[in-house]
**Student:** 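Quick one: structure below, then a few questions.
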Amino acid sequence: MSETSIQINKELNIVPFVSVDHMMKIIGRLGLENMLKGIADYVEDDFKRWELFDKTPRVAAHSDEGVIELMPTSDGDHYGFKYVNGHPKNMKEGLQTVTAFGVLSKVYTGYPILFSEMTILTALRTASTSVVAAKYLARKNSRTMALIGNGAQSEFQALAFKTMLGIDQLRLYDIDPVATEKFIGNMQGYGFEIVKCTSASEAASGADIITTVTADKQNATILTDDMVGAGVHINAVGGDCPGKTELEKELVLRASLFVEYPPQTRIEGELQQLDADYPVNEMWQVIRGELAGRKSATEVTLFDSVGFATEDFSALRYIRDQLDRPGMSGMYENLDMIADPDDPRDLYGMVRRSGAMSQVAA
Ligand code: NAD
């Protein structure tokens with residue numbers, strides 16, 4: 001966190017708030033590709049500081065329709081959490097599958113220093129995290145990515161892989177052709193070579209990297225073992241909740257498995273299909289150079305992404321630091337969020353003096 005990061009709210013009761021509209025203005029000001037790179041740097045830095053973080057699997061409230069989750073963490077200086085849902089059925093009702101907002105606070109005072117929308121920010125941080133993993137796990141000469149699931153997350157994934165890894169050939173598949181057409185329309189002018197496929201198997205054929213980012217609240221089998229050739233890196237993003245997976249078990253067993261935080265991935269990831277003590281590799285160790293990533297050109301690597309709280313913390317930290325840059329004053333508003341009585345013990349007196357008590361209807 002930059003030294004200047006508490007300058008905006010010198011008055012500690014004022015909290016900068018980044019709305020959806022502000023987030024779009026921030027993207028317009030900074031550029032989406034720059035933000036994906038910037039967030040990837042913060043995600044990577046925070047993986048390197050892994051032991052400093054309070055870590056817990058996210059707190060999930062499940063229903064038949066979906067899940068609502070809280071994702072808290074702290075590095076000792078700052079505390080952050082995200083509220084996020086995952087409701088695959090929402091799409092059919094014209095609603096988002098995933099929506100989110102988040103908070104960053106100072107541990108020293110416990111006062112919040114940022115409120116932010118995180119529906120858009122989650123798409124950015126998920127794509128940035130996918131690329132951080134792929135940097136260590138995909139073959140260096142990778143050019144072609146299969147993108148299976150062309151919904152809300154998909155364009156962000158594609159742009160992050162292009163910007164940071166030079167992936168410019170895409171093989172698209174979605175059970176809903178409208179989603180694929182939406183993707184193609186949105187990605188015009190970015191210089192992708194795009195092949196539309198009629199099955200996941202066709203999309204996977206010849207791909208160096210396969211990203212699965214589908215939404216279905218079931219143990220789906222989007223990718224089977226026979227669809228994946230030697231040397232492929234799989235970026236499995238969609239399976240992120242108990243009872244919701246995308247890969248055939250044989251494929252998960254064949255691949256070298258890389259995860260964010262094992263206690264959470266064992267509950268939520270493709271890993272939920274395997275024994276509770278199945279050995280995995282942790283990304284933070286790979287990023288710190290303590291563990292090998294890809295070991296050969298023929299190995300199949302699997303990033304079993306579920307999304308961990310430190311990645312949201314990194315994204316919030318990135319946004320908070322950007323607000324201190326020159327020219328960012330219109331990119332947030334100040335919220336009067338924290339009661340601030342002259343005498344901290346006289347909260348009641350502050351309410352009384354405001355005249356609120358005398359306004360009660362007789
Ligand atoms: P979305 O609903 O916008 O898009 C999902 C797409 O998958 C839809 O276009 C749908 O038609 C397609 N699809 C469903 N079943 C399919 C199948 N069998 N084959 C091919 N396509 C299929 O959802 P989204 O916001 O893009 O999120 C996608 C998934 O990613 C969700 O499950 C979400 O929970 C997950 N997610 C994970 C992370 C993470 O950090 N790992 C972060 C965000 C979202």
**Student:** Pair K25, D21 - check side-chain contact (heavy atoms from CB on, under 4.5 Å), show working.
**Tutor:** CA-CA 6 Å; K25 286 192 177 123; D21 190 48; 3.1 Å; yes

**Student:** Run the salt-bridge test on R143 and D168 with the 4.0 Å N-O cut-off and return the result as yes or no.
**Tutor:**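 A salt bridge links R143 with D168.
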
**Student:** What residue among P242, P263, S305 forms side chain to side chain contact (heavy atoms under 4.5 Å, CB included) with E268?
**Tutor:**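 Exactly one pass, corresponding to P242.
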
**Student:** Check this for me: does any side-chain nitrogen of one of R288 and E51 sit under 4.0 Å from a carboxylate oxygen of the other?
**Tutor:**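 Counted as a salt bridge, because a side-chain N and a carboxylate O are separated by less than 4.0 Å.
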
**Student:** Between E246 and T214, do the side chains contain a donor N or O and an acceptor N or O under 3.5 Å apart?
**Tutor:**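 There is such a pair (donor and acceptor under 3.5 Å, judged by atom type) between the side chains of T214 and E246.
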
**Student:** Evaluate the side-chain contact (heavy atoms from CB on, under 4.5 Å) criterion for residues F156 and L32: first the C-alpha distance (whole Å), next the side-chain angles of each, then the deciding distance (0.1 Å), finally the verdict.
**Tutor:** CA-CA 9 Å; F156 298 91; L32 187 59; 4.2 Å; yes

**Student:** Is there a chain of hydrophobic side chains (I, L, V, M, F, W, Y, each step under 4.5 Å between heavy atoms) that links I14 to L347?
**Tutor:**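 Looking at the clustering, L347 is in a separate group from I14.
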
**Student:** Below 4.5 Å, heavy atoms only, C-beta onward: do I287 and K48 meet side chain to side chain?
**Tutor:**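 Sidechains of K48 and I287: in contact.
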
**Student:** Spell out, yes or no, whether V131 and L30 are grouped together once hydrophobic residues are joined by side-chain heavy atoms under 4.5 Å, including indirect joins.
**Tutor:**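 Per the 4.5 Å side-chain linkage, V131 and L30 are co-clustered.
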
**Student:** Is it the case that Q96 and T119 place a side-chain donor and acceptor less than 3.5 Å from each other?
**Tutor:**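 No pair is found: no donor N or O on one side chain lies under 3.5 Å from an acceptor on the other.
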
**Student:** Mind listing the closest non-hydrogen atom pair of Q272 and C241 along with its distance?
**Tutor:**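 Residues Q272 and C241, closest heavy atoms: NE2-O, 3.2 Å.
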
**Student:** Taking all non-hydrogen atoms of both residues, which atom of V237 and which atom of S130 are closest, and how far apart?
**Tutor:**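 Taking V237 first and S130 second, the nearest heavy atoms are CG2-OG, 3.8 Å.
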
**Student:** Look at the side chain of R171 and the backbone N and O of A204, then say whether any donor-acceptor pair between them is shorter than 3.5 Å.
**Tutor:**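 Not confirmed, R171 side chain does not pair with A204 backbone.
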
**Student:** Looking only at side-chain N and O atoms, does T97 offer a donor or acceptor that is under 3.5 Å from a partner on H87?
**Tutor:**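 No, no side-chain donor-acceptor contact under 3.5 Å.
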
**Student:** Side chains of N85 and T99: donor-acceptor distance under 3.5 Å anywhere?
**Tutor:**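 Result is yes, a qualifying pair exists.
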
**Student:** Are the side chain of E248 and the backbone N or O of A220 linked by a donor-acceptor pair below 3.5 Å?
**Tutor:**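 The answer is no, because no donor-acceptor pair under 3.5 Å joins these two groups.
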
**Student:** Checking side-chain contact (heavy atoms from CB on, under 4.5 Å) for the pair M328/I26: CA distance, chi angles, key distance, verdict?
**Tutor:** CA-CA 8 Å; M328 298 296 281; I26 292 173; 4.2 Å; yes

**Student:** Is it true that the side chains of T224 and D226 contain a donor and an acceptor less than 3.5 Å apart?
**Tutor:**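 Yes, side-chain donor-acceptor contact under 3.5 Å.
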
**Student:** E181 side chain to P177 main-chain N or O, any donor-acceptor pair under 3.5 Å?
**Tutor:**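 No, the answer is negative, given that no donor and acceptor are paired below the 3.5 Å cut-off.
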
**Student:** Side chains of T180 and Y173: closer than 4.5 Å at any heavy-atom pair?
**Tutor:**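 Answer no - side chains too far apart.
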
**Student:** Is it the case that the side chain of R266 and the backbone of Y261 share a donor-acceptor pair, with hydrogens and angles ignored and the cut-off at 3.5 Å?
**Tutor:**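 A pair under 3.5 Å: no.
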
**Student:** Going by atom types only, do S201 and S199 share a side-chain donor-acceptor pair under 3.5 Å?
**Tutor:**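 Result is no, nothing qualifies.
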
**Student:** Looking at P112 and S105, what are the two nearest heavy atoms and their distance?
**Tutor:**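 Minimum heavy-atom contact is CA-OG, 3.6 Å.
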
**Student:** Examine I148 and L165 and state if one hydrophobic cluster contains both, with Ile, Leu, Val, Met, Phe, Trp and Tyr joined whenever side-chain heavy atoms are less than 4.5 Å apart.
**Tutor:**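 No; L165 is not reachable from I148 via cluster members.
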
**Student:** If you measure from the Lys or Arg side-chain nitrogens to the Asp or Glu carboxylate oxygens, is any gap between R125 and D312 under 4.0 Å?
**Tutor:**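 A salt bridge is present here (some side-chain N lies under 4.0 Å from a carboxylate O).
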
**Student:** When rounded to the nearest 0.5 angstrom, what is the spacing between CD in E193 and CD1 in I167?
**Tutor:**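 With rounding to 0.5 Å, CD (E193) is 12.0 Å from CD1 (I167).
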
**Student:** In chain order, what residues pass the side-chain hydrogen bond (donor to acceptor under 3.5 Å, both in side chains) check against K162, with sequence neighbours excluded?
**Tutor:**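 Scan of K162 (side-chain hydrogen bond (donor to acceptor under 3.5 Å, both in side chains), adjacent residues dropped) gives none.
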
**Student:** Would you mind checking if R317 and D75 are paired as a salt bridge, meaning a charged N to carboxylate O distance below 4.0 Å?
**Tutor:**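 Judged by the 4.0 Å cut-off on N to carboxylate O distance, D75 and R317 do not form a salt bridge.
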
**Student:** If you take all heavy atoms of A255 and L302, which pair is closest and at what distance?
**Tutor:**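 Closest approach of A255 to L302: CB-CB, 3.7 Å.
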
**Student:** Do the side chains of E93 and K89 get close enough for a salt bridge, i.e. N-O under 4.0 angstrom?
**Tutor:**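 Looking at E93 and K89, the cut-off is met.
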
**Student:** Can you tell if the side chain of F115 reaches within under 4.5 Å of the side chain of V18, non-hydrogen atoms only?
**Tutor:**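 A side-chain contact is absent here, since even the closest heavy-atom pair is not under 4.5 Å.
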
**Student:** Is the ring centre of F17 less than 6.0 Å from the ring centre of Y332?
**Tutor:**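 Ring-ring flag for F17/Y332: false, centres at least 6.0 Å apart.
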
**Student:** Decide whether W50 and V259 are clustered together by the hydrophobic rule: side chain heavy atoms of Ile, Leu, Val, Met, Phe, Trp, Tyr closer than 4.5 Å, transitively.
**Tutor:**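 No, W50 does not connect to V259 through the hydrophobic network.
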
**Student:** Output yes when K249 and E270 qualify as a salt bridge under the 4.0 Å nitrogen-oxygen rule, no when they do not.
**Tutor:**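 Looking at E270 together with K249, the answer is no, because their closest N to O distance does not fall below 4.0 Å.
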
**Student:** Would you sort out whether T245 and N219 count as a side chain to side chain donor-acceptor pair (under 3.5 Å), showing the intermediate values?
**Tutor:** CA-CA 5 Å; T245 52; N219 293 116; 2.8 Å; yes

**Student:** In the structure I gave you, are the side-chain heavy atoms of S256 and R294 within less than 4.5 Å of one another anywhere?
**Tutor:**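 Sidechains of R294 and S256: no contact.
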
**Student:** Given 3.5 Å as the limit, does a donor-acceptor pair link the side chain of R254 with the main chain of V300, or not?
**Tutor:**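 Pair absent, no side-chain N/O of R254 close to backbone of V300.
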
**Student:** Quick check: does any side chain N or O of E155 sit under 3.5 Å from a backbone N or O of M187, one acting as donor and the other as acceptor?
**Tutor:**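 Side chain of E155 to backbone of M187, a donor-acceptor pair under 3.5 Å: no, none is there.
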
**Student:** I need the H233 NE2 to I210 CD1 distance, nearest 0.5 Å.
**Tutor:**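 Here the rounded value is 10.5 Å.
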
**Student:** Do the non-hydrogen side-chain atoms of L247 and T221 ever get within less than 4.5 Å of each other?
**Tutor:**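 L247 does not reach T221 side chain to side chain.
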
**Student:** Which class fits the ring pair Y42 and Y318: parallel under 30°, tilted 30 to 60°, perpendicular over 60°?
**Tutor:**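 It falls in the perpendicular class, over 60°.
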
**Student:** Please confirm whether W284 and F308 have ring centers closer than 6.0 angstrom.
**Tutor:**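 No; F308 has its ring centre 6.0 Å or more from that of W284.
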
**Student:** Would you check if D46 and F53 make a side-chain contact, meaning some heavy-atom pair closer than 4.5 Å?
**Tutor:**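 A side-chain contact exists here, since the closest heavy-atom pair is under 4.5 Å.
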
**Student:** Would you find a donor on one side and an acceptor on the other, under 3.5 Å apart, between the side chain of S128 and the backbone of L36?
**Tutor:**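 A pair under 3.5 Å: yes.
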
**Student:** Considering only NZ, NE, NH1 and NH2 on the basic side and carboxylate oxygens on the acidic side, decide whether R49 and D45 come within less than 4.0 Å.
**Tutor:**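 Looking at D45 together with R49, the answer is no, because their closest N to O distance does not fall below 4.0 Å.
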
**Student:** Could you give me the CA-CA distance, side-chain angles and deciding distance for E33 and Y190, then say whether side chain to side chain donor-acceptor pair (under 3.5 Å) is met?
**Tutor:** CA-CA 11 Å; E33 287 95 333; Y190 282 100; 4.9 Å; no

**Student:** If we only count heavy atoms from C-beta on, is the I319 to L114 side-chain gap below 4.5 Å?
**Tutor:**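 Yes, close enough: below the 4.5 Å cut-off.
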
**Student:** Less than 6.0 Å separating the ring centroids of F313 and Y79?
**Tutor:**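 F313 vs Y79: aromatic centres not under 6.0 Å.
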
**Student:** Are side-chain heavy atoms of L223 and I234 found at a separation under 4.5 Å?
**Tutor:**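 When only atoms from C-beta onward are counted, I234 and L223 do touch, with a gap below 4.5 Å.
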
**Student:** Just checking, any donor-acceptor pair under 3.5 angstrom between side chains of T144 and Q169?
**Tutor:**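 Yes.
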
**Student:** Indicate yes or no for a side-chain donor-acceptor contact from S116 to the backbone of M118 under 3.5 Å, with no hydrogens or angles considered.
**Tutor:**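 Absent.
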
**Student:** Verify, without hydrogens or angle tests, whether R58 (side chain) and M71 (backbone) share a donor-acceptor contact under 3.5 angstrom.
**Tutor:**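 Side chain of R58 to backbone of M71, a donor-acceptor pair under 3.5 Å: no, none is there.
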
**Student:** Are E69 and K82 close enough for a salt bridge, meaning some N to O gap below 4.0 Å?
**Tutor:**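 No, this pair does not count.
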
**Student:** Please determine if R325 and D321 form a salt bridge, counting it only when a charged side-chain N lies under 4.0 Å from a carboxylate O.
**Tutor:**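 No, no charged N to carboxylate O under 4.0 Å.
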
**Student:** side-chain contact (heavy atoms from CB on, under 4.5 Å) between I120 and I27: does it pass, once the steps are laid out?
**Tutor:** CA-CA 10 Å; I120 301 169; I27 291 172; 3.8 Å; yes

**Student:** Would you please say whether a donor-acceptor pair under 3.5 Å links the side chains of N235 and Q157?
**Tutor:**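 Distance-only check passes for N235 and Q157.
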
**Student:** Should the pair K244-D240 be classified as a salt bridge under the 4.0 Å nitrogen-to-oxygen rule?
**Tutor:**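 A salt bridge is present here (some side-chain N lies under 4.0 Å from a carboxylate O).
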
**Student:** Can you hop from V306 to Y136 via hydrophobic side chains spaced under 4.5 Å?
**Tutor:**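 V306 does not cluster with Y136.
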
**Student:** Are the side chain of T301 and the backbone of L137 linked by a donor-acceptor contact shorter than 3.5 Å?
**Tutor:**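 Yes, T301 side chain to L137 backbone: donor-acceptor pair under 3.5 Å.
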
**Student:** Tell me every residue that passes side chain to side chain contact (heavy atoms under 4.5 Å, CB included) with D343, counting only those two or more places apart in sequence or in another chain.
**Tutor:**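 Once residues adjacent in sequence are excluded, the partners of D343 under the side chain to side chain contact (heavy atoms under 4.5 Å, CB included) criterion are R345, D346.
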
